[in-house]
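Here's the structure we're looking at; comments come further down.
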Amino acid sequence: MKLADDPEVEAFRAEFAAFLDAHLPDEAGARERAGSSAHVPRWARRWQRTLFDAGWLLPGQPPEYGGRDATLPQQLAHLEELARRRVYHSFNPQGLGIIAASLLTFGTEEQKRRWAVPILRAEITAALGMSEPEAGSDLASLRTRAVPDRDGFVVNGQKVWTSGAHDADVLLAFVRTDPDAPKHQGISALLVPTGAEGVVRRPFGSIAAEDDLDFNEVFLTDVRVPRENLLGPLNEGWRVANGSLGHERTLLWLSYAERLEDLLRDAADAGAGQEWYATLRMDLTALRLLGHRQLGQDRDPAEISVLKLLGSEAVQSASLYALEAHGVEGLEHPARTGPYHHMHHEHFISSWFERYARSFAGTIAGGTSEIQRNIIAERILGLPR
Amino acid sequence: MEFELDEEQRLLRRTVRETVAKMRGRPEDQQWDTYLRLGWLEAPPLELALILEELGYAADPTPFLATATWFAPLTGRLPEGSGTAVFDGAGRYVLDADRADEVALLTGRGVIVVPGAELAAPRVPVLDPHLHAAHVDADGLVAAVPEPALLGLAATCVGACRRVLDLVLDHVRQRAQFGRPLGSFQAVKHKAADMHVAIERARALTHFGALTLAENDPRRTDAAHMAKAAAGECQRLVFRHGLQLFGAMGFTWENELQYHLKRAQACDLLLGVASVHRKALLA
Ligand SMILES: Cc1cc2nc3c(=O)[nH]c(=O)nc-3n(C[C@H](O)[C@H](O)[C@H](O)COP(=O)(O)OP(=O)(O)OC[C@H]3O[C@@H](n4cnc5c(N)ncnc54)[C@H](O)[C@@H]3O)c2cc1C
């Protein structure tokens, strides 16, 4: 254990910082950012492409996938550097961080070329179709069916909460391919082009605003999907899903740290003299430390749940404290922050009330806090199921 | 930064846990002599934090904590025998002041060391049956608490909390009600998970504090306050859930749980509870 930073990691950080200084477009500076939307303004596509070409998009990947074989601590330094400047490197975070990452883990060479690379190059965007009306926390109870047919599948069913699906070119959908198998064993992962016949997307508003249209219902009626769109082996989608969720949660803790950092900065004036400000600093420091620890060898992946729970709940309490400290001013809702409103330009000046309401995204999405507690109790502490 | 214990540190932790478990129930002198012989008092900050966590885990009855993290950092040397220190001007509830061979007093003109025998400081009864505390007549003393003392209490507190959680986990795995082990009920699991997260948070901040101390990093004062505050918050949660989950059994003297609950609570109360240190972070 040591405080000192590894010189190789620091050299890597400095190289990336210099790259950002030279190439970061003005639009990507402080206040321009998206929520979780797949809606991609043109400059953002260019910016993501620049990052990809320079090997700075997913630096942990090999060069042919836009990376530079960076070590885990280097990858963390890369994300920290982006966070420090409040820069989003992708306007399609699910596509980049979950779907492309899953494709690179589980995909065939052909699938990586056909789907992962275009997602990384911001030529197409992707959305994640896990949840269904009857399958939220209990994801394995999903019912969307894919029936084998000649050289592919016919898909029927419905997805919901599909972030950014309205703008996405492809959906990574989890579907039931063997209705007779035990719950976890009959699931497969399919890439469903959203332009295919039988795909209907209906965006709907979030708690933040009626026209904050990032959530979607996706209806799939007799959609034909070719066999080569199957990701991973048939009926082994559960493994892909767990891999995808792993990617999602790994990214999430850092985004909570980033958000806490923002809260700390933005709430500083209200925070002076307030005890919660200290709690915020402790949570942030602990989160960072535990996140660094998670980079160590042989860490139990279940420990990501500690980070997710700690981080998302800390962000939530922090925004509530800040809201209360600002008092009645917090009622105001000056900024329309949906993807159709100024591409989230105003995200950072949205009201404290909105920030508090939005903090529930963290405690619900990617596995609720209750589910994280179950994981901690069962997998880390060994309590019976 | 690297925030993973290295092989040697993990080995130390294992050795300390085994040694302390073996010494359990032996006379206090023997335990104390063993710790001295193993050189634990001279351990650098992070290693000391690991040792203290284990001693906290075992509700250690010896004057190790005060000697290693109160006396030694203040005087820059180890005492002949055991030692303690008076930091806060009021001189109340000074750990081990009734039995220390040497006592360090922090005055306006520096640190004075007096033989423990010269101080009339009879032991004050406290709820933790193994904890020694005494009031020291401390006129003219400066109220200032050095970081090592705060970190020592934080590390001990983390160890005690971890012990409570381990006892709770064993209990809820074995005890059945409604035809199922208690640990299979979600209300119980969620309390256990929250205790785990609170302990991990406090432990991370304690280790961070020890690292900053070892490297004389400018963040060390803040880090020590954070560690002490987080340990206190953790203690509060662990005490409440821990005792609750044992049911009436936790309310008895016979149950070992009490020692660890009390040790953890004592660590929070000594040298300022969590809210005091949270406030210190605002300065
Ligand atoms: C902002 C946001 C973005 C999202 N984006 C996507 C996306 O892109 N793609 C996608 O597929 N999904 C997405 N989701 C959906 C998300 O994954 C689900 O909302 C989540 O898994 C919870 O499912 P649910 O909403 O159906 O709640 P439920 O599962 O119905 O849970 C409701 C409540 O019951 C509790 N509960 C449920 N089961 C248990 C249990 N076993 N023990 C204790 N408590 C339990 C929950 O913790 C929660 O408090 C998103 C959600 C949000 C909020």
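First the proteins, then the strands, lettered A, B, ... as listed; each starts at 1.
We find that B:Arg173 and B:Asp170 are joined by a salt bridge, their nearest charged nitrogen and carboxylate oxygen being less than 4.0 Å apart. With salt bridges taken as basic N to acidic carboxylate O contacts below 4.0 Å, one links A:Glu313 and A:Arg373. Look at B:Glu200 and A:Arg293 and you find a salt bridge, because one of the NZ, NE, NH1 or NH2 atoms lies within 4.0 Å of a carboxylate O, short of that distance. Salt bridge annotation for B:Asp222-A:Arg281: present, with a cationic side-chain nitrogen under 4.0 angstrom from a carboxylate oxygen.
The aromatic rings of B:Tyr35 and B:Trp40 sit parallel to each other, their planes meeting at less than 30°, with 60° as the upper class boundary. Ring orientation note: the planes of A:Tyr321 and A:Trp276 are close to parallel, at an angle under 30° on the 30°/60° scale.
Only the side chain of A:Leu309 comes within contact range of chain B, with at least one heavy atom under 4.5 Å from a heavy atom of that chain. For chain A, the nearby parts of B:Leu5 are the backbone and the side chain; heavy atoms of each come within less than 4.5 Å. Of the two parts of B:Arg219, only the side chain, counted from C-beta on, holds a non-hydrogen atom closer than 4.5 Å to a non-hydrogen atom of chain A. If you measure heavy-atom distances from A:Ser369 to chain B, you find no contacts under 4.5 Å at all. Residue A:Arg288: no heavy atom, backbone or side chain, is found under 4.5 Å from chain B. When heavy atoms are compared at a cutoff of 4.5 Å, B:Asp166 does not approach chain A at all. With a 4.5 angstrom heavy-atom cutoff, A:Leu76 does not touch chain B via any of its atoms. If you measure heavy-atom distances from A:Glu378 to chain B, the contacts under 4.5 Å come from the side chain alone. Residue contact with chain A, scored on non-hydrogen atoms closer than 4.5 Å, is absent for B:Ala214.
Highest contact tally toward chain B, considering only A:Leu289, A:Leu287, A:Leu295, A:Ile376, is held by A:Leu289 [criterion: heavy-atom pairs under 4.5 Å]. The choice from B:Leu169, B:Leu165, B:Asp6 that makes the most heavy-atom pairs within less than 4.5 Å of chain A is B:Leu169. Between chain B and the residues A:Pro384, A:Ala377, A:Pro73, the most heavy-atom pairs under 4.5 angstrom are made by A:Pro384. Ranked by non-hydrogen atom pairs under 4.5 Å with chain A, the options B:Val172, B:Asp217, B:Asp194 are led by B:Asp194. Among B:Leu46, B:Val197, B:Leu205, the residue with the largest count of heavy-atom pairs under 4.5 Å with chain A is B:Leu205. Ranked by heavy-atom pairs shorter than 4.5 Å toward chain B, the options A:Ile380, A:Val306, A:Thr279 are led by A:Thr279.
Between A:Gln372 and A:Gly367 the shortest heavy-atom distance is NE2-O, 3.1 Å.
For the residue pair A:His78 and A:Gln74, no side-chain donor N or O sits within less than 3.5 Å of a side-chain acceptor on the partner. A donor-acceptor contact closer than 3.5 angstrom links the side chains of B:Arg162 and B:His196.
A:Asp283 CG to B:Glu233 CD: the interatomic distance, rounded to the nearest 0.5 Å, is 8.0 Å.
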